[in-house]
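Taking it in order: structure first as structure tokens, then the write-up.
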Amino acid sequence: MPFDPDLLKKREELLAEELELYPYSYDRTHSLLEIRENEEQLMDKDVRVAGRLLAYRGKGKMIFIDLGDLDGRIQVMLRKNEFDEKTWALIRHGLDLGDWLGINGTVFVTRMGELSIHASSLEMLAKTVVRVPIPKSKDDQDWNKLADPETLYRERYLHWTTDPSARQKMVQRAQIISAMRSFLDESGFLEVTTPTIEMNYGGAEARPFETAIHALSDHPAFLRISPELPLKRFIVGGFPKVYTICQNFRNEGIDRSHNPEFTMLEWYEAFTDYNFQMERFEQLVSSVCEKACGSMRVVYGGKEIDFTPPWKRITILDSLKEAGIDAAAMDEDALLAEYKNREIEPPRPFTWGHAVAGLFEALIEHTIEQPTFVCDHPVAISPLTKKKRGDDRLVERFEPIVMGMEIGNAYSELTDPVEQQERFISQKSMGADKDGVENHPMDTDFLKAMGCGMPPTGGVGLGVDRVVMLLTDSHSIREVIAFPLMRTRDAESADEEGEPGEDAGEQPS
RNA sequence: GGGAGCUUAGCUCAGUCGGUAGAGCAACGGCCUUUUAAGCCGUGGGUCGCAGGUUCGAUCCCUGCAGCUCUCACCA
């Protein structure tokens, strides 16, 4: 049972006193921050506030408590001679850290100079029956603050309840997403919705989550790995500027920068290429940063990141050349030798393109800190992209990289339907990857759509969670995803599985 | 999936070179009408992650399992 026996008992006792512990509403006049921000106007005025009980300092016939809400915290003073016996008994014996309280009183400043509310009435808004581990805090210091990362991620409500900065991170995330929307809306984009459940998947190289549709005789279905193909159909259909913000689901590894479910912003803009979109991208991120953080420069892990445009641009081949590998002039055998010399596991399938991409990822990517557009990837790893003007082995593609982390991916989108078909076929002919998974199932309807005529288009994907990480100095994607995927706990799974004989007695007969 | 580490009261952590555990905060009782990590006096609370093994005896040693963290692999 998740409830604390002592608190359950206390709840029963208070209910027996005919106290309302879970009322329907509370008529609040100000948030706690509003009280603090309007101290002078509100001095000696009557206010009604609500908040969670964060501290209790009893001094006999006078008690000080601290109330906290989303972004504020304020002290409340309660005096015995100003309450009836029943309410004072509640105040003395019925309150626990974590309880939600409604306070009516006047604003004043104590002898110690603390802005406070002198309470004339107190109402319970929610009696807690779980021990909420509220830390003690003064200024920026905390004591006994909940620190176990597992609890913080699994029981996020406790994280938010006990740590204002964890709430702030969610607020910032919302501001960042809102700023992204505003930027695109103001640039004339149309926000559209694409399906999460698809009968066919595509638009990225990733393993999908498989499911089945009961209503269609358990026909196999997949969770979206990317909104790319539906968005391109919008372009074909005559919408020149569209975007979506959605969850993508990829059945891959889990680590500091990967959650199986993550938020992606993708936009497609007809009549533009990847050069145009590099500017759009740096404009979007820098303006979002300025809106959400107040500056285009932020500190991440003690280092400053400067998002001010223009960002550095570098091609994959140039970056390898700087590292002493002239990949443009090397064949597959020569590249394989580089892998062996450096004791790097070669990719499979091992083509010139895969080899070049692999060397870049192994040697260069993690060294890039300041915002950089890495451009012109090999054709082999980019089946939906137009070839680079002047070099048939490359495509017009860029990945913005910050602090070693890819925060996006963009193309001059391939628009020749026949070439698109050939790319799909050639990718299939390379066979399964080393996990035995065949990526990119053929989507003939998508080919037909492209066959109906797709104007030149620049397409961009942006990893929302990762941008939020960078802008909030978060070093795990779990810090910026409210409810990250967690493995089932042993005890929980045991409860569900149960021993067949054990709970037989509980079955109604 | 591989490797390393962690898991002791509601919270933060000690500790036992193997003899069934402690502190602070929180809780409970008492005193205190301008305190603020309030203070003072007193009380209760833990099958030391789970399951085995070694041992007269394990929370401490060994093995397995689970979760988490870091790291490598894979990927965005």
Side-chain angles (χ1 to χ4, degrees), chain A residues 2-7 9-10 54-66 73-82 92-93 95-98 108-116 118 128 130-139 141-154 158 162 203-207 225-226 248-264 266 344-345 347-348 358 361-362 365 399-401 405-409 433-435 437 439 461-467 475-478 486-494:
Chain A
F3 303 145
D4 181 281
D6 291 340
L7 291 175
K9 190 174 161 219
K10 191 179 278 188
L54 299 182
Y56 185 103
R57 294 181 292 279
K59 270 185 64 70
K61 297 184 177 63
M62 161 181 266
I63 290 161
F64 291 93
I65 60 176
D66 286 355
R73 176 171 178 141
I74 211 153
Q75 175 174 267
V76 175
M77 182 180 79
L78 306 138
R79 304 169 97 167
K80 185 180 186 201
N81 60 320
E82 293 163 354
R92 278 303 310 278
H93 302 291
L95 299 186
D96 290 277
L97 296 184
F108 80 112
V109 175
T110 65
R111 280 179 204 165
M112 299 297 287
E114 179 83 14
L115 178 66
S116 308
H118 183 168
T128 174
V130 171
R131 289 277 169 219
V132 183
I134 306 277
K136 290 212 165 195
S137 63
K138 186 191 186 181
D139 301 325
Q141 277 185 291
D142 288 299
W143 288 263
N144 300 338
K145 189 153 135 190
L146 196 58
D148 174 20
E150 184 173 354
T151 307
L152 298 180
Y153 296 147
R154 280 188 194 277
L158 281 181
T162 58
E205 271 190 74
R207 301 173 70 173
I225 59 171
S226 150
N248 288 353
F249 307 86
R250 298 189 184 173
N251 212 336
E252 311 272 0
I254 301 174
D255 63 31
R256 212 183 328 173
S257 59
H258 299 260
N259 194 59
E261 169 180 0
F262 64 102
T263 305
M264 184 83 119
E266 286 207 12
I344 305 169
E345 196 187 336
R348 235 183 295 166
E361 280 163 26
E365 188 171 70
E399 288 183 307
I401 293 179
M405 209 160 47
E406 292 169 28
I407 61 167
N409 194 5
D433 68 17
K434 66 191 174 93
D435 293 323
V437 178
N439 290 313
L462 180 154
V464 172
D465 309 294
R466 289 183 177 178
V467 169
H475 299 265
S476 165
I477 200 166
R478 289 182 159 180
M486 301 291 277
R487 220 183 273 259
T488 309
R489 266 178 168 150
D490 192 32
E492 288 166 352
S493 59

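Each chain gets a letter, A, B and so on, in the order its sequence line appears, and its residues count up from 1. Source: prediction; values computed, not measured.
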Donor-acceptor under 3.5 Å ([X] side chain, [Y] main chain):
X      : Y      : answer
A:R79  : A:I63  : no
A:R250 : A:P260 : no
A:E252 : A:R207 : yes
A:T110 : A:E114 : yes
A:D465 : A:T263 : yes

Could you work out the separation of [N] and [M] based on their [atom1] atoms and round it to a whole Å?
N     : M     : atom1 : value
B:A4  : B:C41 : C1'   : 49 Å
B:G3  : B:A73 : P     : 15 Å
B:C48 : B:A23 : C1'   : 16 Å
B:G52 : B:U59 : C1'   : 16 Å
B:G46 : B:G10 : P     : 9 Å
B:U20 : B:G57 : P     : 15 Å
B:G24 : B:A9  : C1'   : 12 Å
B:C28 : B:U69 : C1'   : 36 Å

Both distances below 3.5 Å, Watson-Crick or wobble geometry, any strand: find the nucleotide opposite [N].
N     : answer
B:A23 : B:U12
B:G57 : none
B:U69 : B:A4
B:U35 : none
B:C48 : none

Kindly say whether, by distance alone, the side chain of [X] makes a donor-acceptor pair under 3.5 Å with the base of [N]?
X     : N     : result
A:Q75 : B:U35 : yes
A:R57 : B:U35 : yes
A:N81 : B:U33 : yes

Side chain proximity check, [X] to [Y], heavy atoms < 4.5 angstrom:
X      : Y      : answer
A:I254 : A:R478 : yes
A:E406 : A:E365 : yes
A:M77  : A:M62  : yes

For [X], report the nucleic acid contact type (base, sugar-phosphate, nothing); a contact means any heavy atom under 4.0 Å.
X      : answer
A:N409 : nothing
A:G463 : nothing
A:Y153 : sugar-phosphate
A:N251 : nothing
A:K138 : sugar-phosphate
A:D255 : base
A:G58  : base
A:M264 : nothing

Checklist entry - Going through the checks in order, is the side chain to side chain contact (heavy atoms under 4.5 Å, CB included) test met by A:R131 and A:D6? => result CA-CA 10 Å; A:R131 289 277 169 219; A:D6 291 340; 4.0 Å; yes

Item to check | Heavy-atom protein contacts under 4.0 Å, nucleotides 24-30 of chain B, coded B base, S sugar-phosphate only, - none | outcome: BBSSSSS

Item to check | Sidechain N-carboxylate O distance under 4.0 Å for A:K136, A:D142 | outcome: no

Checklist entry - Would A:F3 and A:V130 count as a side chain to side chain contact (heavy atoms under 4.5 Å, CB included) if you check the C-alpha gap in whole Å, the side-chain angles of each, and the deciding distance to 0.1 Å? => result CA-CA 5 Å; A:F3 303 145; A:V130 171; 3.9 Å; yes

Protein-nucleotide distance ([X], atom [atom1]; [N], atom [atom2]), rounded to Å:
X      : N     : atom1 : atom2 : value
A:D142 : B:C13 : CG    : P     : 13 Å
A:W143 : B:A38 : CH2   : C1'   : 13 Å
A:E365 : B:C74 : CD    : P     : 12 Å
A:F3   : B:G10 : CZ    : P     : 17 Å
A:H475 : B:U71 : NE2   : C1'   : 17 Å
A:E406 : B:C74 : CD    : P     : 13 Å
A:R207 : B:G1  : CZ    : P     : 12 Å
A:F64  : B:C32 : CZ    : P     : 16 Å

Between the protein and nucleotides 2-8 of chain B, list every N/O to N/O distance that falls short of 3.5 Å.
none

Next on the checklist: Please give me the minimum heavy-atom distance between A:T128 and A:L97, naming the atom from each residue.
Outcome noted: CG2-O, 3.9 Å

Item to check | 5′-ward residue of the pair A:P133/A:D465 relative to RNA chain B | outcome: A:P133

Would you please confirm or rule out a distance under 4.0 Å between OP1 or OP2 of [N] and any side-chain N or O of [X]?
X      : N     : result
A:K59  : B:U33 : no
A:R487 : B:G67 : yes
A:R111 : B:U36 : no
A:R73  : B:U36 : no

Checklist outcome for this item: From the candidates B:U33, B:C70, B:C68, the one with an atom nearest any side-chain atom of A:R256 is B:C70

Next on the checklist: If you only use heavy atoms from C-beta on, which nucleotide in B:U33, B:U36, B:G67 is closest to the side chain of A:R154?
Outcome noted: B:G67

Next on the checklist: Can you tell me how far apart OG (A:S226) and CG (A:N409) are? Round to the nearest 0.5 Å.
Outcome noted: 9.5 Å

